[in-house]
Structures are given as C-alpha cells and as structure tokens.
Amino acid sequence: MAINWTEAQIEQIVASVMKGLKGNSPATKGEYCGAGYNGKKFIGVYDDMNDAIDAAESGYKAIRAMSLDEREKVIGVIRDLCRKEAPIMAEIGVGETKMGRVDHKTAKHMLVADKTPGTSDIAPQVKTGDFGLTLTEMAPFGVVGSITPSTNPSETVICNSIGMIAAGNGVVFNPHPNAIATSNYAVDLINRASAMAGGPKVLVSSVVKPTLDTANIMYKDPRIKLLVCTGGPGVVKSVLSSGKKAIGAGAGNPPVIVDDTADIKKAGKDIIDGCTFDNNLPCIAEKEVFAFANIASELIEAMKANGAYLITREEADKLAKVVLVEKTNPKTGISAKTVNRDCVGRDAKVLLEKIGINVGNDIRCIICEAPFEHDFVQHELMMPILPIVRVKNIDEAIDLAVKAEHGNRHTAHMHSKNIDNLTRFARAVETTIFVKNAPSYAGIGFGGEGHTTFTIAGPTGEGITSARSFTRLRRCVLAESFRII
Ligand code: COA
C-alpha cells in the first residue's frame with residue numbers, strides 16, 4: 001500500500017480521526033498516571049515486575065494455544081483501537097513527555113496500525129529434494145522483555161506488541177521512566193483488544209513505575225528468553241551486556257547529502273518535512289545536511305519557503321549553549337556535552353524564544369550554515385534544528401557525511417539524480433536505512449514502500465524489525481518422503 005503523506009494529508013487524517021471520535025471518546029486531555037487513565041486502572045500494569053513477568057508468561061501460554069487466525073483477530077482489533085485512540089495517545093504523549101507534536105504523533109499511530117506486519121510475516125520455508133522434505137518454521141522465543149523509549153512511546157509498545165504477538169510470544173514492557181502513562185495506556189489498549197477478540201484479559205504486561213532496577217529484574221529472570229531494547233545509548237548498552245539474546249535499536253545521527261543534480265526545490269521541502277516530523281523525534285530524521293556549494297543558497301531558499309528560519313552563526317553558537325549541556329558520568333567521572341533533555345522534541349518557535357528570537361507559528365525548523373566541527377553537526381539533537389555544511393564535491397560530501405554518522409550505521413539520506421553518486425554514498429555509509437529523494441519517513445513506510453517499525457535494530461542486525469525478528473528458526477526433516485514428484 002503506497003501512501004503519500006504530505007503535511008496537508010497528515011492534517012486531514014488527524015481531522016478525520018478527531019471527527020470520528022466526537023461524542024463517544026474519552027476526553028482527549030484526560031487525567032493520567034502510570035497506573036491509569038481518567039480514573040480507570042490500566043489492565044496488565046503491575047506494581048511489581050515479578051507479577052508483570054508472571055502475567056506475561058500466562059499471556060504467552062494463551063498465545064501458544066491460539067490458532068494463527070485467532071492471533072490475527074486480536075491483531076485486527078489492536079489495529080482498530082490504535083486508529084481510533086491515536087489522538088488520545090498523541091495527546092498523552094505530548095503532555096507527559098513535553099516532546100513532539102500531537103498531529104504528527106497521531107499520524108505515527110495510524111502508520112503503526114496500517115503498516116506493522118502481522119502473522120503473514122512468519123511464513124514457513126520448505127525445501128524438497130532427492131532426500132525428502134525439510135520444513136523451517138519461525139517459532140516464538142517465549143516471553144520477550146521489551147525496553148521502550150520516551151521519543152515514540154506508545155507507537156513502540158503497539159508496534160512491538162503486534163510483531164511479538166504475531167510471532168507467538170508473550171511480552172512484558174519496561175517503559176522509559178519519562179513516558180510511563182503513554183506507554184501503559186498502550187499496554188492497556190493491547191489487553192482491551194485481546195479481551196474484545198476473545199483472547200485473555202491480560203495478554204501483555206508492564207509496571208506502574210519502571211526503573212533500571214525493574215529492568216534488571218527482567219534481564220535476570222530465566223523466563224525472559226529475548227530482550228528487545230529501543231532507546232538511548234545507555235539503556236541499549238545495558239541490554240546488550242545482559243548475557244541474553246538481545247535486539248538493540250539505538251542512536252543514529254542521519255546525514256543528508258544534496259548534490260547539484262537534485263531537484264533542489266523538492267529536496268528543500270522533503271528535508272524540512274522529514275526533519276520536522278514529530279519535531280525530529282524519529283531516530284531516522286534528517287540531522288545535518290551536506291550541500292554542494294553551487295546549490296547551497298538555492299537549497300536554503302527552498303527550505304525557507306517551507307517553514308525554515310535561517311539563523312546566523314553567532315545565533316547558532318548561542319543556541320548550541322542552550323540545547324547542549326555538559327554532563328559528568330558519575331561512574332567514569334568523564335564529562336561530555338549531551339543534549340538538554342528540556343529541548344528535545346520541542347517546537348522550533350520555543351527553541352528560538354530561548355535565544356530571544358520570536359517567530360510565528362509557520363516556522364517549524366531552525367536552519368543555519370555551519371562548519372563540519374560544529375556541535376549541531378556532531379551531536380544527535382532530536383530537535384527541529386538543521387545545520388547545513390557547504391561541500392566542494394561528492395568526495396568531500398561522502399567523507400564528511402560518513403564521519404558525521406559516527407559509525408552508527410543507522411540511517412542516511414540523499415537527494416540526487418546521479419546514480420553513481422547515490423550508489424557511492426549508500427555503499428560508503430552502510431546504514432540500515434538509506435532514503436533517496438524523499439523525506440526520511442519514507443524509510444519507515446510513510447510515503448515509501450515497505451513495512452513500518454520504530455525499533456530499527458542496526459547494532460544487532462535485524463534492521464527494520466517485524467514479527468520474524470522476534471522468532472527462532474526451527475527445522476523439521478522428513479527424509480525420503482513427502483515429495484510428490
Ligand atoms: N526503562 C528503564 N530505564 C530506562 C529506560 C527504560 N525503558 N530507558 C532509558 N532508561 C534509563 C537510562 O538508562 C538512563 O539511566 P542512567 O541515567 O542511569 O544512565 C535514564 O533512564 C535516562 O535515559 P535517557 O533516555 O538516555 O536519558 P534522557 O531521558 O535524558 O534522554 C533522549 C532522552 C530522548 C535523548 C533519549 O532517551 C534518547 O536518546 N532516545 C532515543 C530513543 C530512540 O528512539 N532510539 C532508538 C531509535 S531506533
């Protein structure tokens with residue numbers, strides 16, 4: 001299904017969803033906490049992580065007993081509720097985390113509902129030959145422990161749940177401590193869907209107050225057979241050193257190259273659309289641009305025509321002192337610049353106000369010209385701030401873009417009509433996702449072909465995760481038989 005999601009279309013989707021909800025929905029700005037919403041206790045959310053693991057184990061047993069058709073029924077209702085309640089989760093998400101945009105978060109939930117693969121993703125493989133038949137099936141791991149982020153909280157819980165349930169697993173979540181209500185709302189939604197489809201009352205679980213301590217209980221429990229972590233560098237590292245089979249989806253710093261064969265007007269619009277999507281929270285979003293010097297000014301004008309505000313180098317340095325802060329690691333005593341949590345995912349207008357610049361609501365991105373060494377180029381900000389570095393030619397563009405990506409091998413983008421240039425950059429940067437001539441979100445199925453996920457597992461190699469990523473392969477051999485030719 002190809003969807004061409006322009007800004008106007010996203011607004012249209014949000015408007016139609018809101019219209020559909022009128023009259024029968026809970027208030028979209030309801031009361032919430034980690035344990036419940038609008039006075040109603042979340043289903044499947046426990047005070048104790050051990051109880052949550054017990055519940056996930058029971059959920060796993062129930063899923064094992066379900067036919068594929070029954071699993072699909074549960075997933076179908078999850079998709080319906082996700083579409084219906086997308087604006088509520090978007091509101092809670094922005095309210096709780098203070099990050100992102102309600103309209104874009106709504107669209108992200110619609111994407112998850114529409115384009116997260118279900119059981120069709122775990123089709124078995126068969127090989128027949130002189131020696132008979134061999135069947136390879138994608139089997140569940142058992143109970144999965146999933147660590148979810150604050151940037152795409154309910155989107156990740158729902159996307160992970162669809163894939164993990166489709167694969168036949170149970171799931172216990174340990175959500176990010178700054179997005180507990182949003183994430184647990186999604187856990188509750190999955191359980192409501194299960195009950196509505198005839199499944200168990202508690203299919204997936206979580207805890208009221210997730211911390212690194214509750215995560216550690218999860219890591220150590222022998223019933224947890226697979227850990228899946230979507231988060232910042234610290235928590236991904238902790239999962240990968242747990243000693244268990246783990247899938248890790250971590251940091252990137254996606255560069256964009258624009259060469260002089262590109263459609264510059266389109267490139268300017270696409271880059272701003274991608275960079276500002278949910279205020280730059282998706283880890284695939286454009287973070288820095290390397291533009292050929294002979295088209296850089298035209299590109300900047302195209303960006304300005306699409307809601308970008310150009311700041312001077314002096315203003316950029318001033319803003320850098322606000323959005324990045326010096327932090328000392330208590331364990332190592334080493335201090336380093338890190339993003340100011342209070343600026344992540346904020347509106348461009350709000351960030352500009354912090355340095356005394358007032359702009360209208362039409363401004364959605366801050367752009368500046370910067371040298372390669374600038375903090376805006378080197379640090380993954382996750383804010384609608386986009387530095388533009390002028391480069392002489394494709395050699396310099398690729399060299400600097402690869403360095404700016406810091407070997408994360410996450411995502412990169414390019415606007416060009418030169419196949420040789422496109423191929424050279426794709427080969428050199430080795431990222432999990434490489435988007436050509438489109439906004440970054442085309443890489444997760446938003447106006448691009450292919451399924452979606454918010455768990456992009458570069459470090460451990462599963463890539464754009466889906467149901468099959470959460471399975472173990474099992475083989476059954478029937479020698480000298482079952483061949484019909
Ligand atoms: N459960 C328990 N603890 C968690 C957690 C979870 N699900 N997620 C993070 N934490 C912990 C971290 O380990 C860290 O602990 P520490 O201070 O002891 O090291 C603490 O919570 C804060 O985590 P972190 O998220 O790194 O810091 P932050 O809240 O200040 O930063 C962001 C916010 C948005 C910058 C950061 O979360 C981030 O980089 N997110 C990217 C997420 C993402 O989507 N990644 C994958 C894309 S494919």
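Counting starts at 1 for both ligands and their atoms, following the listed order. One-based numbering along the sequence shown.
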Among protein heavy atoms, which lies nearest atom 46 (C) of ligand 1, and at what distance? A249 O, 3.3 Å
In ligand 1, the atoms that come under 4.0 Å of a heavy atom of T211 are 2 (C)
Is the closest N or O pair between H410 and ligand 1 shorter than 3.5 Å? no
Could you list the atoms of ligand 1 found under 4.0 angstrom from a heavy atom of I147? 6 (C), 7 (N)
For atom 2 (C) of ligand 1, the option (of N174, T97, T465) bearing the nearest heavy atom: N174
Where ligand 1 meets T151 - atom numbers and elements under 4.0 angstrom, heavy-atom basis: 34 (C), 42 (C), 43 (C), 44 (O)
Please enumerate all residues that pass side-chain hydrogen bond (donor to acceptor under 3.5 Å, both in side chains) together with E405, with sequence neighbours excluded. none
Just by distance, with hydrogens left out, do N178 and T97 show a side-chain donor and acceptor under 3.5 Å apart? no
Enumerate the atoms of ligand 1 whose separation from the nearest heavy atom of N178 is less than 4.0 angstrom. 29 (O)
Here's a test for you: under side-chain hydrogen bond (donor to acceptor under 3.5 Å, both in side chains), which of T230, N160, N169, N174 qualifies with S146? N160
So between S146, G232, P210, P459, whose heavy atom ends up nearest atom 26 (O) of ligand 1? G232
Enumerated ligand 1 atoms positioned under 4.0 Å from heavy atoms of T148: 7 (N)
Side-chain ion pair, R364 and D273, N-O less than 4.0 Å: yes
Heavy-atom contacts under 4.0 Å between M382 and ligand 1: side chain, backbone, both, or neither? side chain
Shortest heavy-atom approach to atom 10 (N) of ligand 1 - which of G458, G231, P177: P177
Under 3.5 Å side-chain donor-acceptor pair for T455 and T465: no
Which residue from A179, P175, S183, A457 reaches closest to atom 6 (C) of ligand 1 through any of its heavy atoms? P175
Any protein heavy atom sitting closer than 4.0 Å to atom 14 (C) of ligand 1? no
Under 3.5 Å, side chain of K115 to main-chain N/O of G445, donor-acceptor pair present? yes
Say whether G250 and ligand 1 are in contact under the criterion: heavy-atom distance to a ligand atom below 4.0 Å. yes
From atom 19 (O) of ligand 1, is the closest protein heavy-atom distance below 4.0 Å? no
Check whether any side-chain heavy atom of M383 sits under 4.5 Å from a side-chain heavy atom of V339, and report yes or no. yes
Give me the residue, atom name and distance of the protein heavy atom closest to atom 12 (C) of ligand 1. V235 CB, 4.3 Å
Under-4.0 Å salt bridge between R101 and D347: no
Check the angle between the aromatic planes of Y37 and Y32 and answer parallel, tilted or perpendicular using the 30° and 60° thresholds. parallel
Quick check: does H176 get an N/O under 3.5 Å from an N/O on ligand 1? yes
Results of side-chain contact (heavy atoms from CB on, under 4.5 Å) for N191 - residues two or more places apart only: I43, V187, V202, L203, V204
Short N or O distance, R341 and ligand 1, threshold 3.5 Å exclusive: yes
Of the listed options I180, T453, L212, closest to atom 11 (C) of ligand 1 (non-hydrogen atoms): L212
Between the side chain of T460 and the main-chain N/O of G248, is any donor-acceptor distance below 3.5 Å? yes
Salt bridge check, K337 against D375: does any charged N sit closer than 4.0 Å to a carboxylate O? yes
Do the charged groups of K108 and E155 touch, with an N to O distance under 4.0 Å? yes
One residue to check: C283. Relative to ligand 1, which of side chain, backbone, both or neither has a non-hydrogen atom less than 4.0 Å away? side chain
Report, in ascending order of atom number, the atoms of ligand 1 lying under 4.0 Å from any heavy atom of I456. 48 (S)
